Structures are given as structure tokens and as C-alpha cells.
Student: 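What follows is a structure written as C-alpha cells; I'll ask about it next.
Keep in mind that what you see is a predicted model, and the values were worked out from it rather than measured.
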Amino acid sequence: MQLSKKILIITYYWPPAGGPGVQRWLKFVKYLPGFGWKPTVFIPENPSYPIVDESLEREVSKDLEIIRTKIWEPYQIAELFGKDNKKFKAGQFDVGKNQTWKSRLSIWVRGNFFIPDARVFWVKPSAKFLKKYLKENHFDAVVTTGPPHSMHLIGLELKKEFPNLKWIADFRDPWTQISYYKHLKLTRSSDKKHRDLEARVFKTADITLATSYTDAENFRKKGANAVCITNGFDREAKSEAKREAKREAKNFTISYVGVLEQLRNPEVLWKVLNDIIAENPDFKSDFELKFVGRVDDKILSEIENSALKNSLSNLGYLSHSKANAEMQNSDVLLMTNFPDDSSKGIIPGKIFEYLATGKPILSFGPQDSDVKRILFETHAGKHFSYQDAASLKEFILNQYQNWKSGSSSSHIKNIEKFSRKNLTKKLSQILEK
């Protein structure tokens, strides 16, 4: 196909970065040439990634043009206050009773001195470099994807210099409406600066992309020309994962794949599982709780100090392909979201990879959430609040009985619209408009 249009993608996360932040535009870049768009990617030369997955580099085309410039990040300074501050790289930190005075100080510094985030020092040098680059090279569109939302400040500078260049601001997560924003200990002036910058991005970008239906609606209320394109699953990657998956374990396995932080800790699930183990000897001998990814030390400590410790299998971070294989080897897939209503628009990227396995999904988060809507439309699982112990126990025991009897409880449907190729087609149609 003739690649008649050119698009520049400005992103912090790119292979060998691991985790969900890199997946969205890695897949868009993979499929955009099939719809007539030639992508170029602009990334930092020396980033400080919280997770590394070198296997993802295999998905980057050798023909892709990648531009790199140096970045300075203050995370080494933050880590002097304590090793737990390494979580800041992934937008995580201790909360509540787990906060030390060092944690509180570090959070205050992060929220008030680095606005919108600690990658803000890349904005001015990147804007200067790209202004020169765009004068020498024609592009039809530019994309900034955040978090980190500093990427959108680069877009603001470029739009000022090139007002006719179409700018797409892609929000993989909200800015001021994300759950942890209220934990940043912001002063009044810092809060105003965050909100003013967000408003400028919304009103200046030609298109604002949201990853959930609720986020798109909220962005429109703030003045954005917002469209929802969710994350998705890659059929090719899933086919490979099924070939790699080898079911050797003889346990009834509930797996969590990804990063599990304190703000999304499903304490009600650990309590219910402990209760079932105490009441049901067969379940106790059959059950396995598997973690694939990075789990907060405080959560692991809680589980290891309970009856669940004998059922725990903590595999740590695995490559994306191996993580997909572990999904295939599971019986129920666990997903958690922030509990408050402001998070109902967050759709964790892993839900789509879970959907592609056909395995039942056990989800936690606010009621009337976008995740609940997707699970209802696809018949892929059940969504619970963090207080819903009785029906949660019933769901787990039903899945266990299905496993014991060898019958499948999966009746999944309507998932093809979430394939990465179809989502890229939708993106290309928006770009053409």
C-alpha cells in the first residue's frame, strides 16, 4: 500500500519498556502502515523505565524510523529518600498507614515541584529539537501520548509553532481526574497549574483520544474534542501465546497479571479466599493464587501472613509473551481498579488480553463502571465492588465447581471490535477526517 500520510508519535514508553503503557502505540504503529500511514516515533534516548521487557523489541519493525534525544529525570534524587520511591517511576506510592515521613515528603515534592510529572525536563529540549525537525520534514499529524502528561506540553509547543499540523493528544489515563491525584498533597497554586495545563491541552489539541467511554465524556465536558478508542488485544500475539501455553499444573488457578498497587488491593478477595480455604479442604488442596508481574510488598506481606501463603505462586515480572501464556494456563483472571466512583472510566489494558483468552474474568472496582459494561456486553465475567463478599464467594465457588466437573463457564462474544487491527482502522478513519 502507498504510504501517503506521515504521523509523528511522541511517547516516553517504548520497547524495551515493559508494562501496559508501551502496548497501545506499539500496536498502533504496527498496524498503521496497513491503513496508509507511515509512523515515525520520537522517544528519550536514556529513559528510566520502571519495567523492562526486551521481548517487545521483536515487535518493532526494522523499517520504523525512531528519533531519540536525551532526557534528565530526578528519580535518583527521590530514591535517596527511600527505596520505596522507586515506585514513583510507575506513578505509584505508599498510602495511608503505609506512609513514612519520607514517603509523605517525597509525594509532596513530586506533586508540587514536578508539574505535571518528573519528565517535564524533557519538554523544552524536545520542543526545540522537533520544531527544527518538523521544518525540515513534512508530517500530516503528530501524536502525544501520556502519562507522563509532559508529552502533551511538547504538543502544546509544537501546535503554537505549526497551527495547521493536526495534533492528537492521547490520554491513556486521565490527568487531574485520576484517583491518585488527590493523594499528591498539592498546594492550591500547584493544583491550579495542573488544571490550567490540562485545560490548555484539551482546548488546543485537534483531537483528544480517551481509552474509555467515561473518560471521553469527561474530557468533552472540559472542552476537549474527545473520542474513545479503547485498548485492545493483538490476535497474532494471542495465537503465539496459545502455542506457548502448556497446562501442567493441576490446580484451580486464579491469576493476576500485571502491576498490583496498594490503591487497588482487593482485600475482600483475600478474606473470602481465606474463608473458603478454612471451610473447604478440597478447595484448599486444589487452589493456586498466581501473581505474574510486580505486586506491592505490603500486599505480598499481607497474603504471606495468612492461610493463603500455601496457595501463593509469585512468578514476578515475565516477558509479555510468557505472561500471555500464563493467562492461557489460568482458570480465572483477576483484575482490579481504584475503588472510588471517579475511577469508573478507567479500563485497565489487561482486560482486553484477558478477553482474548476466553477465560472468566473476576473484576473489582466502582459500580456502573466501563469495565462492568464491557464484561456485560461480552459475557466474559463478573464485576464486584470491594464490599461485595457474599456474591464474590458464590462466584468463586461456582467457578471452582465448573473446574472440578470439567465444564466451561465461558460464553464470550462480541470481542472482535477490540482487536488492535480494528482499533487502528478506527484511528486511521479519525485521522482522515
Student: Show your reasoning for whether side-chain contact (heavy atoms from CB on, under 4.5 Å) applies to Val268 and Gln387.
Tutor: CA-CA 7 Å; Val268 64; Gln387 293 79 39; over 6 Å; no
Student: Please report the interatomic distance CG(Leu165) to NZ(Lys160), rounded to the nearest 0.5 Å.
Tutor: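 Leu165 atom CG to Lys160 atom NZ measures 15.0 Å (nearest 0.5 Å).
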Student: Does either side chain, that of Ser343 or that of Asn337, offer a donor lying less than 3.5 Å from an acceptor on the other one?
Tutor: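 Side-chain D/A pair, Ser343 to Asn337: absent.
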Student: Partners of Phe395 by ring pair (Phe, Tyr, Trp, His ring centres under 6.0 Å), sequence neighbours excluded?
Tutor: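 Scan of Phe395 (ring pair (Phe, Tyr, Trp, His ring centres under 6.0 Å), adjacent residues dropped) gives Phe384.
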Student: Going by distance alone, is a donor N or O of one side chain under 3.5 Å from an acceptor N or O of the other, for Gln262 and Asp296?
Tutor: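 On atom types as modelled, these side chains qualify, holding a pair under 3.5 Å.
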Student: When you check the side-chain N and O atoms of Trp270 and Asn265, is any donor under 3.5 Å from an acceptor?
Tutor: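 Result is yes, a qualifying pair exists.
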Student: Has Lys166 got a side-chain atom pairing as donor or acceptor with Asp206's backbone, closer than 3.5 angstrom?
Tutor: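 No, Lys166 side chain to Asp206 backbone: no donor-acceptor pair under 3.5 Å.
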Student: Examine His383 together with Phe376 and report whether their ring centres are nearer than 6.0 Å.
Tutor: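 His383 vs Phe376: aromatic centres not under 6.0 Å.
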Student: Can Val332 and Phe252 be said to form a side-chain contact (heavy atoms from CB on, under 4.5 Å), step by step?
Tutor: CA-CA 8 Å; Val332 176; Phe252 170 65; 4.0 Å; yes
Student: If you take the centroid of each ring, where Trp contributes its six-membered ring, are Tyr354 and Phe233 closer together than 6.0 Å?
Tutor: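 No: the rings miss the under 6.0 Å criterion.
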Student: Indicate whether any N or O donor in one side chain lies under 3.5 Å from an N or O acceptor in the other, for Ser385 and Asp388.
Tutor: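 No, no side-chain donor-acceptor pair sits under 3.5 Å.
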Student: Going by the side-chain hydrogen bond (donor to acceptor under 3.5 Å, both in side chains) test, name the single residue among Arg420, Lys30, His320, Lys421 that passes it with Asp234.
Tutor: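 When Arg420, Lys30, His320, Lys421 are each tested with Asp234, the side-chain hydrogen bond (donor to acceptor under 3.5 Å, both in side chains) holds only for Lys30.
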Student: Checking Asn251 against Thr253: is there a side-chain donor and acceptor pair closer than 3.5 Å?
Tutor: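 Looking only at side-chain atoms, Asn251 and Thr253 do not form any donor-acceptor pair under 3.5 Å.
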Student: Determine the interplanar angle of the Phe42 and Phe129 rings, folded into 0 to 90°, and report it as parallel if under 30°, tilted if 30 to 60°, perpendicular if over 60°.
Tutor: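 Aromatic pair Phe42/Phe129 classed parallel.
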Student: Check the pair Leu134 / Glu161 against side-chain contact (heavy atoms from CB on, under 4.5 Å), numbers first and verdict last.
Tutor: CA-CA 10 Å; Leu134 289 171; Glu161 184 82 8; over 6 Å; no
Student: Looking at Lys271, I want to see if its NZ is surrounded by more than 12 non-hydrogen atoms of other residues, nucleotides or ligands under 6.0 Å.
Tutor: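 Open.
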Student: Among side-chain atoms of Asn231 and Thr211, is any donor-acceptor pair under 3.5 angstrom?
Tutor: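 Checked: Asn231/Thr211 side chains show no N/O donor-acceptor pair below 3.5 Å.
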Student: Here's a test for you: under salt bridge (charged side-chain N to carboxylate O under 4.0 Å, His left out), which of Arg188, Lys193, Arg195 qualifies with Asp191?
Tutor: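 Among Arg188, Lys193, Arg195, the one meeting salt bridge (charged side-chain N to carboxylate O under 4.0 Å, His left out) with Asp191 is Arg195.
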Student: With no hydrogens and no angle check, do the side chains of Thr336 and Arg264 hold a donor and an acceptor under 3.5 Å apart?
Tutor: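 Arg264 and Thr336 do have a side-chain donor-acceptor pair below 3.5 Å.
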Student: Give me the one residue out of Val143, Val41, Asp170 that meets side-chain contact (heavy atoms from CB on, under 4.5 Å) with Thr11.
Tutor: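 So the option named by the test is Val41.
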